Number of protein chains: 2
Amino acid sequence: MITHRSFSVEPWVIREMELDLDLLAQSESVFALSNGHIGIRGNLDEGEPHGLPGTYLNGLYENTTMPYAEAAYGDPSTGQTVINVTNGKIVRLLVDDEPFDVRYGTLTRHTRVLDLRAGTLTREVEWTSPAGKRVAVRSTRLVSLTQRAIVAIRYEVEAVDPVAVVVQSELMANEALPAAPTDPRSSHPLDRALVAEESATSDAGVLLIHRTRLSDMRVGAAMVHSVEGPDQTLVESDAGDDVARVTVATALSAGERVRLTKLVSYGWSSSRSRPALHDQLVAALAGARRVGWDGLVTEQRAFLDGYWAGADIEVEGDPQVQQAVRFGLFHIVQASARAEQRCIPAKGLTGPGYDGHTFWDSETYVLPVLSYTYPTAARDALQWRATTLPIAERHAAELGLSGAAFPWRTIDGEECSGYWPAGTAAFHINADIADAVVRYLDATDDASFETEVALPLLVGTARLWRSLGQHDMEGHFRIDGVTGPDEYSAVADNNVFTNLMAARNLRAAADVATHHPARAHRLEVTSEEVASWRDAADAIVVPYDPRLGVHPQSEGFTDHAPWDFEGTPADHYPLMLHYPYFDLYRKQVCKQVDLVLAMVLCGDAFSDEQKARNFEYYEALTVRDSSLSASMQAVMAAEVGHLDLAHDYLGEACLMDLRDIEHNTADGLHLASLAGAWTALVTGFGGLRAGDGIMRFSPRLPEGITALRFKLRYRSRRIGLEIGPDRVLYRLLEGEQMKISHHGETIDLGVEPVEREVPPVTRRPGPSQPPKRRPAAHHASARSAQT
Amino acid sequence: MITHRSFSVEPWVIREMELDLDLLAQSESVFALSNGHIGIRGNLDEGEPHGLPGTYLNGLYENTTMPYAEAAYGDPSTGQTVINVTNGKIVRLLVDDEPFDVRYGTLTRHTRVLDLRAGTLTREVEWTSPAGKRVAVRSTRLVSLTQRAIVAIRYEVEAVDPVAVVVQSELMANEALPAAPTDPRSSHPLDRALVAEESATSDAGVLLIHRTRLSDMRVGAAMVHSVEGPDQTLVESDAGDDVARVTVATALSAGERVRLTKLVSYGWSSSRSRPALHDQLVAALAGARRVGWDGLVTEQRAFLDGYWAGADIEVEGDPQVQQAVRFGLFHIVQASARAEQRCIPAKGLTGPGYDGHTFWDSETYVLPVLSYTYPTAARDALQWRATTLPIAERHAAELGLSGAAFPWRTIDGEECSGYWPAGTAAFHINADIADAVVRYLDATDDASFETEVALPLLVGTARLWRSLGQHDMEGHFRIDGVTGPDEYSAVADNNVFTNLMAARNLRAAADVATHHPARAHRLEVTSEEVASWRDAADAIVVPYDPRLGVHPQSEGFTDHAPWDFEGTPADHYPLMLHYPYFDLYRKQVCKQVDLVLAMVLCGDAFSDEQKARNFEYYEALTVRDSSLSASMQAVMAAEVGHLDLAHDYLGEACLMDLRDIEHNTADGLHLASLAGAWTALVTGFGGLRAGDGIMRFSPRLPEGITALRFKLRYRSRRIGLEIGPDRVLYRLLEGEQMKISHHGETIDLGVEPVEREVPPVTRRPGPSQPPKRRPAAHHASARSAQT
């Protein structure tokens, strides 16, 4: 779908029908496979040509130097960047001594299929060599969701003409990377990041172990093969410092095949010894060999069947959204399933963008999806945050604050932000983590999580807010000089989003501490402290501009000059690549939702009328230079009655990568936007607002979507909604009877489905966006596709 | 005076009575000689030991790379740093083959005297070599104020015991520099910045020409000598790439002397050829040889006699201040006399601090002194700004603004600030330049300057303000998101100082354009534009906090939490070396005067009662981590009646370097603080407020100063004030009758002196400063010294 010529729209697969080398880098991100522990980009089997080779291990990084033209106290001096580790997916092919390379000879057929139910990427090629010899190649690869350390590839060559064939399966470390682009959103690739420690060959396979130069981490990959081919097929292996190779040489008559099944295991550690890592790699291979290729494929599908049973969404009337939302949900589970107390980076493990860092996107965009579809992954991600509490507490102390200050961007928990106004000052990440804790707790009622993870996270972040804010002379609780979600504003007083989310954080900490007094006592929480949290939350400042009848996103915002949208050429977006922050910060222009996000997440703080007016006001200022914006605009547009506009934003959010809307899908997928597509559907058109043990729905569909069906998990239950234009059917698919709410009416949902009417929506005149920044009219294309 | 042990307090000299190697670097700054074109640090003749060797040429710099951990649009990528050029002051001495080095043998006497009237640094040494041979060495050096390119050194060795003596006079390029300190206020020294182009020897002397690596500038030094010594004194010369040397070898009997007179010329150019530069160096030496050593010494004193006739200040009752204020005035004239359309750096040419950059200090602190004491230097400095208008206009356009945006820090006019919140955002520098233009114009009535320099500078800066600010819905003119003088706040709305100074800038531009309609027309100034400047100035927003009855320095400032002064240890100052900007910006704490500076420079905008209340409020918040603060606190303290406190701040300002109060005098002198000492005396205790062609005085002395006499130049006149505790005598020393004002009474001052009473001052209870940041009680030590 990056171009319609190459990609088709189908409900359960992403199919590339021809190879467009200009889209190679983007397709590598789209076709990336991952289980949250290992990520491999969708590079061609033969390694070249490539947009960007990439194999990543979650949590493995190299240290980088963070320089400053003018250094200041507290600037982090050491950063972290994800590294391209040993490439285990290379399978080279020589046909009568001619290397198979799509740039030479003739490619008569080339398809790739990412199967969202099978969890595999399959490629089918027919190629005529420059010498006129024809072969057909079929490869299938998977990154196992059930065996964390394992990548498996099946590679099959069929001769059309009689040919001599050599297949070389490799492990290759320290691949050359393309030069660094200048876009600040991309990565800082390192040259030869790995130092060789061990290379070994044996009957069982080959193995390479390396060390990072600065971060002092050890990383290894090992592989074994089974080969099916004609008699007298030669198989041999060799290994050097940075390359280990298994070579298969044979001669095929017309119609004859050779088939290689390659199992690769990965491991890394910052503490275990080289022999221990060696053994771990070999052990992982043994586990995979036990079940074999077929077993891995079967396990993979079974795992995904279980996932889709609690996560699938059906979108009738809009096949593009149908495909895209499943694509997004697939990548969400890929990024998180086996992350297992490591972070979920902004791009998952699909590319090196943002240096592989995780941001607040994880808690605010990805975890809501996981909490209701695959809650154990949400728990894992929050447990990872909890393991970094000591770092966050030290960081808070460095800043002169109490409690815990989590990093704006990081891989291992250390702050890696090199521009504090849009980094350290964006303290809302702490409330975002607390919000994710509260949501997960509500979605699961997970008692051990509550005491072991939620309590320390909530107490640490509540203490942060209490020390960051202060009561003014009138007794209001202010939080000054922080940066909210909108990155075109910074370091302002009383950001509405930050203040409301901080208040939620403070109240949640007070509630959980009150429920677990003994545990809280161990954290030295006193009743005076809890009272001070509640006081601060109740007294929180929420600025309001009575002249305009809207909330300024921070104090003074509505006094600023509006951005000169008319004078801004279309090719000057994203603005931050064409205007200095100085200029952006002092004007009314939003990179992304800020006050609107406050209305989505803290809706109770606003009246319906305020929501409508605020939404309209900020629509005219929001340029969506961030991929975090459209999905939340979809949710609020749906709530205030702009259903077609919500549909347009849904389209933008879910097609972010399949259409490469921000022109940087090459660096990796925008997980938050993909997650936001789910949110746009479920909390936008489904109207989901859960909390206090009850799921509340207010469904309403745009005209372009004729039916919306989705499944959710909630407190050990599974429920399904079938939403039509006028009626909605609620079904309890699994688990005990539960209370839900439909447009304010409480319903006891048991074995019997419950049907309700969808009340008509009061349609309002559509608000206007900045010139040239209106979203594509997706709703119209969906509607015209139906007719 | 850095320690009382080594330095004496005398009215016209700085005398070092013994050599303390721990104070070497500081003494090199204090004893630096300069004429504004060349600067040489007070290094020992023999080159070693040194704190920091230093020879600087105004305007000559090397480019540096400015890195960013997270780059953003508009960040300057190339910086500039002053470089240590060819060292021409080295004269080495060997006594019976033993190198004269103060660290070896026995130093029986070592004095250095900086003579503020002669403009020379004289050193007298008696030394016994490790082998027991005694010599007396006397050297005198000067950087000629009359011959811009010339440094002259007379070096004399007298044998006490019979000895063989070798004197080596050198030019040395690419000296090794000490490692860079980590203090952000210091410099970024470059290793081997110069590439050799030519070295030559001839009968007439030796010469070295080099090129900078990146900035592509050519720099040369040449020297000639005359030698007086016993017969059979050998003189020879040699030259290599980086060293040129003249060697004098002789044998002295007891009491016999050898005397070397060394003339050094310097030149640099970014455009002239090597032969042209060679000729220029030789020509400068010819000019110096024509007048000879005695002629240079005579010219030097005559120049300074002329300066002191219009600049001297006598302070009775406080000998420390007496010495320090003359020391300051001497360094001000050294820094500016021959700068000749180059900048006046924050440290003059006395050291590499702040990379040799100029800041707003020049216009706001140094030029007021020069405008009333040596106005041609003020004119030169503003003409330099005018030559950089094209760069400033380009910079404004890059920022999306109209007119001219002058750089926060620079050598040649390009913005070199690597941290925009405290750099580019500090737009007040543009109004500061305009203010200096207005002050110089008022002080001189210089008609050609008005049309050629003032008009384009005022129009360019007025256009900047008009585009930077905007009218709000009520018609007020706001300037949002800028940084005022206080560097512990940044990027705030409606900074009072900035707004009032911008209004002055806009009005001045309107007035000068109205007076010169044809010239203004050439700059495309229309009457509509002029009207819009006046409208904006009249409508400027000046925030006021009625709850507290004070002006917030920027909007919202008084709502912020006060800094935790009690919890801040004394050794955590300066705060910016111990706390992140994030924390400083969001609290009520001032690095330096901001609102108080607005009251000093724009006094008419405040009532007396407001001044008193504001002063008291900000006193409690101002930590004086900047050397730009104390002098202006002295002025306002004097105005609102805290005369002893004003005296204390005067002491701090003028002793900044002689006492090394900020612990970085080693990097160069704090010219703005030294200039501020003059301001504290003349505008503080003298009460000078000039404007509209009239000098207004409101003299009042603190008890610790029994009499204050000073001279000023104003519109081709020289006037003198003699202020006592109760009476003041005004004298017209030169020029036509003029109007002055004494405490509001207008006086026609002609040949007859006019005496007036000093009205009694209403003393108020002294305000309090932050704990541990009260200034030293200088007034008490001055008073006790009198009794």
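Every heavy atom of this structure was used, including side-chain atoms; hydrogens, water molecules and symmetry mates were not. The model shown is predicted, which means the values in this text are computed figures rather than measured ones. Labels below follow one simple rule: chain letters A, B, ... track the order of the sequence lines, proteins then strands, and each chain is numbered from 1.
When heavy atoms are compared at a cutoff of 4.5 Å, Leu548(A) approaches chain B solely by way of its side chain, counted from C-beta outward. Both the backbone and the side chain of Asp480(B) come within less than 4.5 Å of a heavy atom in chain A. Only the side chain of Tyr585(B) comes within less than 4.5 Å of a heavy atom of chain A; its backbone N, CA, C and O stay farther away. Interface residue Ala71(B): only backbone heavy atoms are found under 4.5 Å from chain A. Only the backbone of Leu577(B) comes within contact range of chain A, with heavy atoms under 4.5 Å apart. Of the two parts of Thr64(A), neither the backbone nor the side chain holds a non-hydrogen atom closer than 4.5 Å to a non-hydrogen atom of chain B.
Per-residue counts of heavy-atom pairs under 4.5 Å with chain B were compared for His471(A), Arg478(A), Met576(A); the largest is that of Arg478(A).
With rounding to the nearest 0.5 Å, the separation of OH in Tyr73(B) from NE2 in His572(A) is 7.0 Å. Taking CD of Glu70(A) as the start and CE of Met66(B) as the end, the distance is 5.5 Å to the nearest 0.5 Å. In this structure, Tyr581(B) OH and Trp420(A) CH2 are separated by 10.0 Å, a value rounded to the nearest 0.5 Å. Interatomic distance, CG of Leu401(B) versus CZ of Phe582(A), reported as 5.5 Å (0.5 Å rounding).
No donor-acceptor pair under 3.5 Å is formed between the side chain of Arg586(A) and the backbone N or O of Asp493(B).
The minimum heavy-atom distance between Asp559(A) and Gln470(B), with the atom names listed, is O-NE2, 3.1 Å. Between Leu399(B) and Asp583(A), the shortest heavy-atom contact is O-OD2, 3.8 Å.
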